[in-house]
Structure formats: C-alpha cells, structure tokens
Amino acid sequence: NIDVMMELLKECPPVSIIELEEIFLEETQPLLSQLKVDNKIRIANNFIFVVDQRITFHKVNKDGEARNFDFISNEEIREGIKMILTKKSLSSDEMIKLILLSLGFKKMNHDQYFRIQNIINDLIDDEIIFIKDDILYEKDTLN
C-alpha cells in the first residue's frame with residue numbers, strides 16, 4: 001500500500017488526508033507516519049505533499065463540476081494566483097472571482113472569499129506579488 005500511496009501522491013498533488021482515507025478506505029496515518037519519517041512527504045494544513053514536488057493549479061473545464069473547496073490546498077491556490085498574474089494584473093476581488101471560476105464555482109461564499117484573500121495577503125507579505133493602486137502585480141512587472 002505504501003508504494004501505491006506514493007504513486008497517487010506523485011500523480012495527484014496535493015491530496016488532503018481526508019481524501020486519501022476516502023480513496024484507501026482505511027486509516028492512513030501509519031503509512032503517512034512512515035513516509036514522513038523517511039522524509040518522502042510533508043504534511044501542511046491537512047494536505048500531503050511529496051518532498052520537493054512542484055504544485056500546479058488544476059482548473060476545471062468550463063462545463064466541469066466544481067471541486068470540493070476543502071480539498072484544494074492553499075499552495076495550489078497560491079500557484080493559481082501567480083500563474084494568472086504572469087498573464088494579467090487584476091484587483092483582489094477580480095482575482096478571487098477568477099480563481100473560484102477556474103475551480104468551477106459559479107458563486108462564492110464568505111469562507112472561500114476570505115481564504116483566498118488571506119492567501120493573497122500572504123503572497124504580498126512574502127513579496128511574491130505586489131499591490132499598487134488596488135491592482136495586484138507579479139513581482140517582476142512592478143517598477
């Protein structure tokens with residue numbers, strides 16, 4: 001099971017602990033503990049990441065069903081924000097709406113809004129993106 005779990009984690013990053021238990025239909029904590037001890041994975045905010053693995057933003061098709069927001073990691077949303085800003089500068093509100101739309105959501109709730117706003121604020125605090133005149137910019141485009 002540990003090899004199957006590693007292959008899944010490599011192909012579908014990141015995976016939440018809850019999702020993993022739903023897939024394996026069993027308690028996964030002993031396997032995760034072993035992988036963590038072996039320094040093959042890290043766990044952050046109930047999501048499992050393979051060490052040194054690149055996280056990508058997974059959009060849904062225009063007609064696709066929205067993903068469960070609880071199964072989308074902050075790291076994936078961060079990557080989506082950075083990816084969008086390489087193409088276009090937007091306000092925070094526009095960015096939040098675009099991220100949610102990209103994930104298949106037609107409406108947003110307060111929890112979704114504030115979670116993405118907090119991620120944007122973290123990116124600004126980390127100086128990965130900048131805000132000027134209420135518009136978000138990728139670090140390299142702001143002069």
Query raised in the report: Ile119 and Phe47: same hydrophobic cluster, using ILVMFWY side-chain contacts below 4.5 Å?
Result: no

Report task. Return yes when atom CD of Glu27 has more than 12 non-hydrogen atoms of other residues, nucleotides or ligands closer than 6.0 Å, and no otherwise. Result -> yes

Query raised in the report: Quick one: are Ser73 and Asn45 in side-chain contact, heavy atoms under 4.5 Å?
Result: no

Query raised in the report: Passes side chain to side chain contact (heavy atoms under 4.5 Å, CB included), Ile96 versus Ile120? Steps please.
Result: CA-CA 9 Å; Ile96 292 167; Ile120 290 170; 3.9 Å; yes

Report task. Could you pull out the closest heavy-atom pair between Arg54 and Thr56, with the gap in Å? Result -> NH1-CG2, 3.1 Å

Requested in this report: Answer whether the closest heavy-atom distance between the side chains of Met83 and Leu85 falls below 4.5 Å.
Outcome: no

Query - Asp125, CG atom: more than 12 neighbouring heavy atoms under 6.0 Å - result: yes

Query raised in the report: When rounded to the nearest 0.5 angstrom, what is the spacing between CG in Leu101 and NZ in Lys59?
Result: 10.0 Å

Query raised in the report: Among Leu32, Ile2, Leu9, Leu35, whose side chain to side chain contact (heavy atoms under 4.5 Å, CB included) with Lys40 holds?
Result: Leu35

Report task. Tell me, please, which residues at least two apart from Asn39 pass side chain to side chain contact (heavy atoms under 4.5 Å, CB included). Result -> Val51

Report task. Evaluate the criterion side chain to side chain contact (heavy atoms under 4.5 Å, CB included) for residue pair Val60 and Ser102; output intermediate values, then yes/no. Result -> CA-CA 6 Å; Val60 297; Ser102 298; over 6 Å; no

Report task. State whether the side chain of Glu7 and the backbone N or O of Val4 hold a donor-acceptor pair below 3.5 Å, judged by distance alone. Result -> no

Query raised in the report: Rounded to the nearest 0.5 Å, what separation is found between the CD atom of Glu76 and the CZ atom of Phe49?
Result: 9.0 Å

Query raised in the report: Tell me, do Lys10 and Gln53 make a side-chain contact under 4.5 Å, heavy atoms counted?
Result: yes

Report task. Taking the side chain as every heavy atom from C-beta outward, state whether Phe71 and Val15 have any atom pair closer than 4.5 Å. Result -> no

Query raised in the report: Any side-chain heavy atom of Ile23 within less than 4.5 Å of one from Leu8?
Result: yes

Query raised in the report: Do Glu75 and Arg78 meet the salt-bridge criterion of a basic N to acidic O distance under 4.0 Å?
Result: no

Query raised in the report: Looking at side-chain heavy atoms only, is the closest gap between Ile99 and Met95 below 4.5 Å?
Result: yes

Query - Atom pair CD1 (Ile43) and CG (Asn46), whose distance is rounded to the nearest 0.5 Å - result: 8.5 Å

Tell me which donor-acceptor pairs under 3.5 Å the side chains of residues 105-116 have, and how far apart each pair is, sequence neighbours excluded?
from, atom 1, to, atom 2, distance (Å)
Asn109, OD1, Asp111, N, 3.0
Asn109, OD1, Gln112, N, 2.8
Gln112, OE1, Asn109, N, 2.9
Tyr113, OH, Asp93, OD1, 2.3
Arg115, NE, Asn74, OD1, 2.8
Arg115, NH1, Phe69, O, 3.0
Arg115, NH1, Ile72, O, 3.4
Arg115, NH2, Ile72, O, 2.3
Arg115, NH2, Asn74, OD1, 2.9

Report summary line: Per side chain to side chain contact (heavy atoms under 4.5 Å, CB included), Pro14 is matched among Ile48, Ile55, Val50 by Ile55

Requested in this report: Calculate, to the nearest 0.5 Å, the distance between atoms CD1 and CG belonging to Ile77 and Asp122 respectively.
Outcome: 11.5 Å

Report task. State, to 0.1 Å, how close Ser89 and Leu136 come at their nearest heavy-atom pair, and which atoms those are. Result -> CB-O, 3.1 Å

Query raised in the report: Which distance, rounded to the nearest 0.5 Å, do you find between the CD of Gln29 and the CG of Leu20?
Result: 10.0 Å

Query - Any donor-acceptor N/O pair, Asp126 side chain to Ile128 backbone, under 3.5 Å - result: no

Query raised in the report: Quick one: are Asn118 and Asn121 in side-chain contact, heavy atoms under 4.5 Å?
Result: yes

Query - Within-4.5 Å side-chain heavy-atom neighbours: Lys139 and Ile129 - result: no

Query raised in the report: Any donor-acceptor pair under 3.5 Å linking the side chain of Glu94 with the backbone of Ser91?
Result: yes

Report summary line: Rounding to 0.5 Å, atoms CE (Met5) and CZ (Phe24) come to a distance of 4.5 Å

